[in-house]
Undergrad: 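I'd like to ask you about the structure that follows.
Side chains are part of it too, since the values below use all heavy atoms of this structure and drop only hydrogens, waters and symmetry mates. Predicted model only: the values in this text are computed from it and were never measured. When a ligand or atom number is given, it counts from 1 through the structure's own listing order.
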Amino acid sequence: MVSNPNNTQAMLAWLKDREGDMLALLERIVNIDSGSYNKAGVDKVGAELRAFLEGEGIETQIIPVEGHGDSVRAMVAAGSGQSNRPIMLLGHRDTVFPDGEAARRPFQIKDGRAYGPGVADMKAGLVMNAFVLAAFRKFGGAPGPLVGLFTGDEEIGSPTSRPIIENEARQARLVFNSEPGRASGNVVTGRKGGIFFVAEVDGVAAHSGGAFEKGRSAIEEMARKILAWHKLTDPNAGITVNVGLVSGGQSVNTVAPHARCEIDVRYVNPEDRGGILENIEAIALTCSVPDTTGRVSIKGEFKPLAQSAASQSVFEHYVANAKDVGLSIDGEFTGGCADSGFTAGVGTPTLCATGPVGGNAHSPEEYLEVASIVPRAQALVLAIARADKLGV
Ligand SMILES: [Zn+2]
């Protein structure tokens, strides 16, 4: 089937009548606890999405991972554009919320807003992607194969799904990541990179009353390091360093033999990463309290979403198509990280936050603007159907 205006009009009309179906699927998956460490729950959300997709005649496959939710991959073949590289629709099924949250705060709609754990970040985006795939499956008109990837561990830096995302993105022509649209309705054209470190210091234990001079305090050494790390913060360069967790020691009357902390570093420019790593490591390894030793390792990482010329043209293309369904959308920069940094990092033009509009993510006040689901899906359908206009 070729991309023609009749296909796209049929898709827009079909989506217009699907708000109730979208909300029903959204309610089912919001009411499943799916924190990043709850593999069973994240996989259950995947099973719901697969059941919907397969019911629409879309083939899905599971890419298994250990410890976190499996990746679910859905594929819609194109007609005439089959030789084109795929267009990728990306989203994560995990949330930041603990088990029991869905029972405490089940899905509900009040005054045009939907609430519940992960309702905007980003279960609504998953539902939207699934219905967009279904629309193309039903009416044709995709200018190439469509790949939907539904991953399971984004909120902790995608430790297991990152290689799956990067592998898929390398083969893709462009990527739409359906993180929630900003409260303003805007999409995200730039994100900071983030590196999460674990640092440890070993000292020498001693009784702090009877043998103080024999002790070597790992906590004192860690405290000096924390000050040094925080000094690496450079607001003008967009670099921030935050030690967000600290622990250590054995008892109040023991010179601390051990200390541990976790560091969150954010940065804007991809070329700053090397220097940041060097500085963090130099501080970790250089100890000023005698006989203490330090070490540091990377626990998780997000690449920055930097705006390439190709990503800029995808953004402009999306904005123009969103306008055709009555949406007025601009681009925003955010310090928050997402999987879009990985897809942009392998060089694939990427647009982030194309999902339905919401706010207050990661908090009990998280909400979704219900009325945004259909038009955001329609905007994405148009941007995909007309992707050949892009030179990518
Ligand atoms: Zn998210």
Side-chain angles (χ1 to χ4, degrees), residues 26 29-30 32-38 41-42 45-46 49 68-69 71-72 88-98 101-102 105 107 114-130 132 148-162 164-166 168-169 175-194 196 264 266 300-305 331-345 350-369 372-373 376 380:
L26 181 59
I29 64 175
V30 166
I32 299 169
D33 282 318
S34 64
S36 307
Y37 295 95
N38 178 353
V42 178
V45 173
L49 291 164
H68 299 291
S71 283
V72 172
M88 181 175 168
L89 307 185
L90 181 60
H92 65 85
R93 312 192 309 275
D94 60 317
T95 74
V96 297
F97 296 103
E101 188 83 359
R105 290 195 296 118
F107 179 88
Y115 299 87
V119 67
D121 183 13
M122 57 172 282
K123 288 181 171 174
L126 301 177
V127 169
M128 185 195 77
N129 281 356
V132 167
L149 192 65
F150 305 85
T151 65
D153 56 359
E154 190 269 355
E155 295 291 1
I156 52 168
S158 299
T160 59
S161 52
R162 176 178 174 179
I164 299 166
I165 293 165
E166 289 180 333
E168 204 65 64
V175 177
F176 294 104
N177 190 27
S178 298
E179 287 281 352
R182 306 289 99 183
S184 57
N186 288 345
V187 292
V188 169
T189 46
R191 287 183 183 272
K192 283 190 171 184
F196 314 119
D264 171 324
R266 305 286 168 122
E301 177 164 11
F302 279 108
K303 293 283 187 61
L305 173 61
E332 274 180 34
F333 185 89
T334 169
C337 299
D339 285 331
S340 46
F342 295 134
T343 61
T350 296
L351 185 61
C352 195
T354 51
V357 176
N360 299 334
H362 297 199
S363 83
E365 287 76 43
E366 178 185 12
Y367 68 88
L368 168 78
E369 302 285 8
S372 71
I373 299 186
R376 299 290 275 208
L380 186 54

Undergrad: Quick one: do the S34 and D94 side chains pair a donor with an acceptor below 3.5 Å?
TA: no
Undergrad: Determine the sole option in S71, S36, S161 for which the side-chain hydrogen bond (donor to acceptor under 3.5 Å, both in side chains) test with D153 is passed.
TA: S161
Undergrad: Would you call the rings of Y115 and Y367 parallel, tilted or perpendicular, taking 30° and 60° as the class edges?
TA: tilted
Undergrad: Does R266 make a cation-pi contact with F302, if we ask for NZ or CZ under 6.0 Å from the ring centre and within 45° of the axis?
TA: no
Undergrad: Does the side chain of V357 come within less than 4.5 Å of L368's, by heavy atoms?
TA: no
Undergrad: Anything protein N, O or S sitting under 2.8 Å from the Zn ion (ligand 1): count it and give me the total.
TA: 4
Undergrad: R93: which residues meet the salt bridge (charged side-chain N to carboxylate O under 4.0 Å, His left out) condition with it, sequence neighbours left out?
TA: D43
